[in-house]
Structures are given as C-alpha cells and as structure tokens.
Amino acid sequence: MKIAVCVKHVPEGHGRIDPGSKRLDRSGEGALNHFDANAVEEALRLKGEGEVVVVSIGPEKAADSLRKALAMGADRAVLVSDEALAGSDLVATSKVLAGALAREEADLVLFGQQAADADGAVLWAAVAERLRRPVVSQAAEVTVSGGTVRVKRQTEYGYDVIEAPLPAVVAVSDAINEPRYPSLKGIMGAKKKPFETLTLADTGVDAGDAGEAGSKTEVLALGDPPARGDSRKIEGDANAAQAIVDFLAEKRLV
Amino acid sequence: MSTLVFLEHHGGELQKGSLGVLAKAASLGDADAVLIGGGVTSLAAEAGSYGAKKVHVADDASLEPPLPQPRVDVIAKLAGDYDTVLFANSVLAADVAAGLAARLDAGLNWDLVDITADGVGKRPAIQDSVLVDVGWKSTPRIALFRAGSFDAKPAGGAEPEVVQAAVELQEHSGAAKIVDQQLEDASGPSIEDADIIVAGGRGLGAPENFTLAEELARALGGAVGATRAVVDAGWYPYSAQIGQTGKTVSPKLYVALGISGAIQHKVGMQSSNVILAINKDPNAPIFEFSDLGVVGDVHEIVPKLTELVKQRKS
Ligand SMILES: Cc1cc2nc3c(=O)[nH]c(=O)nc-3n(C[C@H](O)[C@H](O)[C@H](O)COP(=O)(O)OP(=O)(O)OC[C@H]3O[C@@H](n4cnc5c(N)ncnc54)[C@H](O)[C@@H]3O)c2cc1C
Ligand SMILES: Nc1ncnc2c1ncn2[C@@H]1O[C@H](COP(=O)(O)O)[C@@H](O)[C@H]1O
C-alpha cells in the first residue's frame with residue numbers, strides 16, 4: 001500500500017503574530033508539528049510492503065521536518081516551496097496540497113490531528129473534497145484490509161466505527177500511537193532518501209489561486225483578549241505541595 | 001446579513017450550540033437554517049423560536065449517518081442564496097464546513113467567538129493570547145464558532161417556513177459508511193455536578209497512574225476527569241472526558257494533572273471557579289488560564305499534596 005502523510009513545519013514554542021504582516025512569525029526555530037508525528041507513525045505501522053511518502057507545503061526550512069519524518073522511517077519526501085505560497089489560507093493551501101497529492105496517487109492519505117500553530121483541524125476535509133475521496137477524521141484506531149480502511153473515532157456522542165473504500169483520506173487523533181524517536185541509523189539514512197522539491201507550477205495551481213492572492217480570508221486587526229483574573233505560577237520544588245494547600249485554604253477549598 | 005445556519009441534531013434533539021449560533025445570526029439580520037438527516041422534519045419547527053424564518057430540510061435515509069460529505073452536497077446547493085454560512089463547531093460540523101469551503105472556494109474562519117453584522121469575525125489565537133479580527137474575501141463567508149460562544153435562548157419567533165432541500169449526492173460523498181456506533185451510556189454517576197474535579201492527562205504517564213488523580217480526588221471530595229488523549233488511548237472511560245467532545249463542567253475547583261491545555265479541552269472547563277494546574281512544561285498552554293500553575297512533576301507533587309490534604313481534613 002502506498003501512503004502519503006501530510007506534515008507541517010511549525011514554529012517551536014510560543015507562537016507570535018507579527019504586527020506588521022499580521023501573519024504568524026515564522027522567523028524562529030521550527031519543528032515537525034508533533035501531531036503529524038502520530039500520522040507518520042501510523043503510516044509506518046500500516047504500510048506493509050508499500051511506501052510512505054511525506055508531503056509538506058512550507059518554506060525551505062520545512063525540509064528539516066520532512067527529514068525528521070524520513071529519519072523516523074518514511075521512504076520519500078516532497079516539499080512544495082514557493083514564494084508565491086506565503087499567506088495561504090485553507091482554500092489556497094488545500095488546492096496546492098491536493099495538487100501535490102494528485103501526483104502521488106496514494107491509496108491512503110493521512111493527516112495529523114491539527115497544526116499546532118493554527119489549530120484548524122480542518123484541512124483534510126477540504127483536501128478530500130478536492131481529491132473527491134472519502135474522508136474520516138479524529139481516528140483513534142485505523143486498520144486496512146482488502147481495499148477498505150476501518151476507523152474508530154470519537155464524536156460528541158461516543159464512538160463511531162466508519163469504513164471507507166480506498167483511496168481515502170484519514171486524519172488521526174494524537175492518541176492513536178506513540179511516535180517513535182528517530183534512531184541514529186535512521187537519521188543517517190534519511191540523508192540518502194529521495195527528496196523532491198516542487199514549485200507551485202509543479203502542483204498545477206495558478207499563482208493567483210495560491211498565497212495571499214488565492215486566499216479567501218484575511219486578518220484585519222489584532223487586539224487584546226478579555227483580561228483574566230490573577231494568575232500565579234510557582235516552581236514545583238519541595239515546598240510545592242504545601243504552597244498548593246495554602247492556596248486552596250485561602251480559596252476555602254480545603 | 002443573510003445567513004444560513006447548519007443545525008446539528010442527535011437523538012431527536014437539536015443541539016444547543018447550533019441553536020445559539022442561529023439566535024446570534026437572527027440578531028444580525030435574516031437567518032435561515034438547514035437541517036439534514038433521516039426522519040428529522042419534525043425537528044424543524046423548534047428552529048423558529050431561535051429566529052429561523054425558513055428551514056431547509058433534507059430528510060432522507062441516506063443522510064441518517066452523521067457523516068460530513070453528503071451534507072456538503074446538500075448545503076452547496078443552498079449556499080448561493082446567502083452571504084454567510086455559519087456552523088457551531090463539532091466533529092461533524094468542522095468537516096462539513098471545510099468541505100464546503102473547498103467546494104465553493106469560499107473562505108472559512110474557525111474558532112470564532114463572535115461576529116459583527118458587517119462581517120468581522122472575532123478569533124482568539126495563539127493560546128488565546130491575542131484576539132484577532134478576521135474577514136472574508138468571498139461570498140459566502142463560512143465560519144465555525146467555538147463551543148459555548150452564544151447562549152441558546154428561545155426568543156419566541158414564529159413557526160418557520162419548511163422547505164424540502166434537494167438530495168443529490170456525489171459519488172465520493174456516499175463512499176464512507178458508519179458500520180458501528182457505541183453511544184455513551186447516559187446512566188452512571190455524572191461528573192457534571194461535582195464541586196471539585198481532579199482531571200488527568202497524558203502527563204500521568206500510564207493508565208495505572210490514574211490512581212494519583214483518584215486518590216487526590218478522594219481526599220478533596222471530588223470526581224475524576226480525563227482528556228481525550230487518555231480516553232482515546234483507553235486509559236480512562238469516555239464518561240469522564242472533559243472538553244469539546246466530552247463534558248462541559250464548571251466546578252468550584254478544577255485540578256489539571258499532566259494536561260497540556262489544548263483548546264478543545266479548555267472549552268469544557270474554562271468556566272471553573274478556580275483552576276489549579278501541575279505540569280512539568282513551563283510553557284504549557286494550561287498555565288495561561290490557571291489561577292495557580294505549578295511547574296513540576298505530578299509523580300513527585302501529587303502524592304505529597306494528597307497526604308497534606310488528608311492531614312488537613314482529619
Ligand atoms: C475535534 C477535536 C475534539 C477534541 N475534543 C477533546 C475533548 O473533548 N477533550 C480533550 O481533553 N481533548 C480533546 N481534543 C484533543 C486535544 O486537542 C488534545 O490533544 C488533548 O486534550 C491532549 O490531552 P493531554 O493534555 O492529556 O495530552 P498532551 O497534550 O500530550 O499533554 C500532556 C501534558 O503533560 C505534561 N507532562 C508530561 N509528563 C509530566 C509529568 N511527569 N508531570 C507533569 N506534567 C507532565 C506535558 O508537559 C504535557 O503538557 C480534541 C481534539 C479535536 C481535534
Ligand atoms: N502546510 C502544510 N503542509 C502539509 N500538511 C499540512 C500543512 N498544514 C497542515 N497540514 C496537515 O493538516 C493537518 C491539519 O492542519 P490544520 O487544519 O491546519 O490544523 C495537520 O496535522 C497536517 O497533517
């Protein structure tokens with residue numbers, strides 16, 4: 001089975017919106033979106049004799065995240081990187097990602113639970129719509145047999161078990177597995193694995209349909225959120241338990 | 001604004017979240033609703049009291065399973081008559097809204113907590129540290145609202161006009177099938193009424209470590225809650241889950257042990273009176289909305305804390 005995994009390179013630590021461009025500041029260090037490590041792990045578990053290709057849209061630095069996925073065991077990487085992609089929203093990103101995925105013709109396309117910098121948790125549904133494939137999200141368990149993918153997933157009302165014929169799109173929950181750490185051998189081996197960089201044109205999407213030009217949403221202004229009450233942070237040293245009890249007593253909770 | 005609101009339903013009842021969004025839309029202009037499912041026509045009338053003038057109903061056996069893609073087919077045919085299409089966030093609604101955005105090439109803004117009559121959405125971002133005004137460059141505008149953004153108070157409107165919506169499914173839309181459902185058993189003790197909740201997350205490290213949460217809860221006289229991560233992993237039952245797809249609670253005291261504080265967890269517990277968090281990562285989002293944050297290891301702190309609480313109470 002051929003599996004494509006969509007992964008994102010996200011800023012590390014606390015995000016920050018640049019007041020000038022009103023975009024997320026991506027100048028600092030980045031890393032593989034940790035929710036996508038679950039999708040890579042699941043692909044490695046499911047692939048059998050097949051192939052796992054990791055696909056990302058992002059700046060050149062996103063190559064680091066793809067290399068981490070290769071070090072975990074993915075076979076091949078595709079990075080779509082193009083100046084014209086800056087500022088892409090859901091409509092634009094889903095077009096470009098669908099274009100990159102269409103070239104791969106994978107049996108199964110996996111997504112992570114959400115991008116840690118955007119918390120959209122929606123991209124898969126837009127991409128599946130463009131690829132005209134069935135989609136199942138929030139997968140807590142995935143099995144594949146005889147051309148059918150079977151997913152157990154949680155909703156507001158309990159658990160559903162959903163089946164869909166391949167080719168299909170599945171987004172996994174962060175509880176589906178424990179992603180492996182790349183081994184030293186994996187890290188060395190990753191350098192020799194096929195790595196393809198695509199331009200926007202390679203995905204078959206016009207520049208006017210990508211980036212800010214192709215986006216249908218915009219950020220208008222940044223403001224302060226409603227103020228919250230007092231918040232205290234303390235170190236968890238030997239006195240922490242006593243400090244907590246004092247706090248609870250002060251609030252009349254013990 | 002002329003708005004179409006997606007009405008979600010379960011077990012023969014309209015969901016409060018989507019009725020809240022409907023009431024908000026009706027306060028800003030003309031609001032209609034769309035109701036999709038099998039055997040749902042009789043639910044349409046209730047939408048009138050939340051301000052719907054018209055309810056488009058797609059009632060068909062093929063629409064009974066709560067899957068997103070057939071719903072995109074139905075709504076895409078109606079959306080042309082509206083400048084705005086709104087959803088209350090849910091597992092189903094998120095996938096419908098994003099599928100619709102792609103089908104129509106229309107902008108989707110998510111996690112909104114408010115919207116103005118001239119089409120500006122309010123979105124808390126970066127762990128709610130900034131409130132972003134977002135806009136749309138398309139018609140229709142599509143938006144998903146964070147759980148609990150609006151009260152669902154009936155305003156006593158007139159009976160809505162009920163019109164049949166066309167059901168013409170695309171090939172890929174009908175491909176996924178629900179083959180089994182394990183709905184939550186409503187019986188058994190509920191944590192929604194507890195004054196004190198001690199909730200455990202993946203930071204507890206292993207299912208057996210939930211005893212840390214249980215013993216602290218017992219000492220404080222409270223109930224035990226859990227995150228989706230540990231419920232999905234089978235460490236703790238779904239009935240204890242707090243958050244978007246679990247329970248919404250507002251106890252006097254909420255203790256979060258090894259919980260990162262994801263937005264989907266936060267929406268289920270943020271109205272707790274006092275929030276205490278213990279997490280070893282000083283940058284964990286949970287600290288942004290805790291009254292007392294303790295940066296440390298639950299395995300070291302919690303046993304001592306339980307002991308001190310017991311001593312104090314005896
Ligand atoms: C549609 C949707 C619906 C969802 N619904 C829900 C929902 O209803 N409820 C819910 O909870 N989530 C929900 N989620 C999932 C949510 O996004 C998070 O993935 C989840 O809440 C994370 O759970 P966690 O905090 O236990 O795990 P993690 O995010 O993995 O956090 C574990 C934390 O423990 C800390 N830690 C680790 N070891 C220790 C230690 N020894 N001592 C102290 N701290 C430690 C870590 O620093 C970390 O912050 C939903 C997601 C989606 C997309
Ligand atoms: N730029 C990107 N390139 C590739 N995949 C992405 C990108 N952004 C998001 N994804 C995938 O889509 C999932 C959901 O992202 P989002 O809807 O943005 O929260 C992520 O977990 C990734 O699997």
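The basis for the numbers below is simple: all heavy atoms, side chains too, and nothing from hydrogens, waters or symmetry mates. Letters go in sequence order (proteins before strands), and every chain restarts at 1.
Under a 4.0 Å N-O distance rule, the pair B/Asp291/A/Lys251 does not qualify as a salt bridge. A salt bridge does not link A/Asp246 with B/Arg312: every distance from a Lys NZ or Arg NE/NH1/NH2 to an Asp or Glu carboxylate oxygen is 4.0 Å or more.
For chain A, the nearby parts of B/Val134 are the backbone and the side chain; heavy atoms of each come within less than 4.5 Å. In this structure, no portion of B/Ile142 lies under 4.5 Å from any heavy atom of chain A. With a 4.5 Å cut-off on non-hydrogen atoms, B/Leu276 touches chain A through its side chain but not through its backbone. When heavy atoms are compared at a cutoff of 4.5 Å, A/Leu248 approaches chain B solely by way of its side chain, counted from C-beta outward. Heavy-atom distances place no part of A/Ala92 under 4.5 Å from chain B, backbone and side chain included. Both the backbone and the side chain of B/Phe287 come within contact range of chain A, each with at least one heavy atom under 4.5 Å from a heavy atom of that chain. Using a 4.5 Å cut-off between heavy atoms, B/Ala106 touches chain A through its backbone atoms (N, CA, C, O) alone. Residue contact with chain B, scored on non-hydrogen atoms closer than 4.5 Å, is absent for A/Val149. For A/Arg133, the part lying under 4.5 angstrom from a heavy atom of chain B is the backbone only. Of the atoms belonging to B/Leu104, not a single heavy atom falls under 4.5 Å from chain A. Only the side chain of B/Ile263 comes within contact range of chain A, with at least one heavy atom under 4.5 Å from a heavy atom of that chain. Interface remark: A/Gln242 contributes backbone and side-chain atoms alike to the contact with chain B (heavy atom separation under 4.5 Å). Interface remark: B/Arg202 contributes side-chain atoms only to the contact with chain A (heavy atom separation under 4.5 Å). Neither the backbone nor the side chain of B/Gln311 comes within contact range of chain A; no heavy atoms are under 4.5 Å apart. Residue A/Phe247 touches chain B through its side chain alone, counting heavy-atom pairs closer than 4.5 Å. Of the atoms belonging to B/Asp128, it is backbone heavy atoms, and not side-chain ones, that fall under 4.5 Å from chain A. Interface residue B/Leu220: only side-chain heavy atoms are found under 4.5 Å from chain A. Of the two parts of A/Leu90, only the side chain, counted from C-beta on, holds a non-hydrogen atom closer than 4.5 Å to a non-hydrogen atom of chain B. B/Val230 does not touch chain A: none of its heavy atoms, backbone or side chain, sits under 4.5 Å away.
Atom CD of B/Glu13 is surrounded by 12 or fewer heavy atoms from other residues, nucleotides or ligands within 6.0 Å. Enclosure of atom CD in A/Glu105 is not indicated, since only 12 or fewer non-hydrogen atoms of other residues, nucleotides or ligands lie within 6.0 angstrom.
Of all the listed residues (B/Lys313, B/Lys280, B/Gln170, B/Glu171), the one sharing the greatest number of non-hydrogen pairs under 4.5 Å with chain A is B/Gln170. Contact count against chain B (heavy-atom pairs under 4.5 Å) is highest for A/Gly120 among A/Gly120, A/Ala249, A/Ala240, A/Ala168. Top candidate by heavy-atom pairs under 4.5 Å with chain B, chosen from A/Ala140, A/Ala221, A/Ala164, is A/Ala221. When each of B/Asp195, B/Val179, B/Leu305, B/Leu144 is scored by its heavy-atom pairs under 4.5 Å with chain A, the top score falls to B/Val179. Listed options A/Ala121, A/Ser215, A/Ala238 were ranked by heavy-atom pairs under 4.5 angstrom with chain B; first place goes to A/Ser215. Heavy-atom pairs under 4.5 Å with chain A were tallied for B/Gly135, B/Ser138, B/Ala233, B/Ala176; the largest tally goes to B/Gly135. The choice from B/Pro303, B/Gly107, B/Gly296, B/Gly221 that makes the most heavy-atom pairs within less than 4.5 Å of chain A is B/Gly107. For chain A, the option among B/Gly243, B/Ala219, B/Ala229, B/Ala277 with the highest count of heavy-atom pairs below 4.5 Å is B/Ala229. Of all the listed residues (A/Val151, A/Leu222, A/Val127), the one sharing the greatest number of non-hydrogen pairs under 4.5 Å with chain B is A/Leu222. Here A/Gly223 is the residue among A/Gly223, A/Ser94, A/Ala243 with the most heavy-atom pairs under 4.5 Å with chain B. For the set B/Gln181, B/Gln244, B/Lys122, the count of heavy-atom pairs under 4.5 angstrom toward chain A peaks at B/Gln181. For the set A/Asp224, A/Val135, A/Asp89, the entry with the most heavy-atom pairs within less than 4.5 Å of chain B is A/Val135.
When all heavy atoms of B/Ile196 and A/Leu253 are compared, the pair lying nearest together is CD1-O, 4.1 Å. When all heavy atoms of A/Glu129 and B/Ala102 are compared, the pair lying nearest together is CG-CB, 3.8 Å. Closest of all the heavy-atom pairs between B/Ala98 and A/Ala125 is CB-CB, 3.8 Å. The two residues A/Pro165 and B/Ala175 have their closest heavy-atom pair at CD-O, 3.3 Å. A/Ser173 and B/Arg228 get closest at one heavy-atom pair: CB-NH2, 3.5 Å. Pairing each heavy atom of B/Lys304 with each of A/Ala241, the nearest pair is CB-CB, 3.7 Å.
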Can A/Thr217 and B/Leu108 be said to form a side chain to side chain contact (heavy atoms under 4.5 Å, CB included), step by step?
CA-CA 7 Å; A/Thr217 55; B/Leu108 170 67; 5.5 Å; no
What's the verdict on side chain to side chain contact (heavy atoms under 4.5 Å, CB included) for B/Leu308 and A/Val254, showing C-alpha distance, side-chain angles and the deciding distance?
CA-CA 10 Å; B/Leu308 289 177; A/Val254 284; over 6 Å; no
Begin from the C-alpha positions of A/Gln138 and B/Asp232 and carry the test side chain to side chain contact (heavy atoms under 4.5 Å, CB included) through to its verdict.
CA-CA 10 Å; A/Gln138 313 304 336; B/Asp232 263 358; over 6 Å; no
Given the rule in the side chain to side chain contact (heavy atoms under 4.5 Å, CB included) test, do A/Trp124 and B/Asp95 qualify, once you have shown the distances and angles that lead to the verdict?
CA-CA 8 Å; A/Trp124 50 78; B/Asp95 287 356; 2.8 Å; yes
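The closest side-chain donor-acceptor pair between A/Asp119 and B/Trp110, if any, does not fall under 3.5 angstrom. No donor-acceptor contact under 3.5 angstrom links the side chains of A/Glu156 and B/Gln15, judged on distance only.
In this structure, the side chains of B/Val255 and A/Ile244 stay at 4.5 Å or more apart for every pair of heavy atoms. Residues B/Lys137 and A/Glu218 have side chains in contact (heavy-atom distance under 4.5 Å, counting atoms from C-beta outward). Using a 4.5 Å heavy-atom cutoff, the side chains of A/Lys95 and B/Asp105 are in contact.
Between the CG atom in B/Asp180 and the CZ atom in A/Arg150 there is a gap of 7.0 Å [rounded to 0.5 Å]. Distance CD/A/Gln154 to CD/B/Gln182: 11.5 Å, rounded to 0.5 Å.
In this structure, A/Ser231 contributes its side chain and B/Ser290 its backbone to a donor-acceptor pair below 3.5 Å.
Using the six-membered ring where Trp is involved, A/Tyr157 and B/His10 have ring planes that are parallel, under 30° apart on the 30 and 60° scheme.
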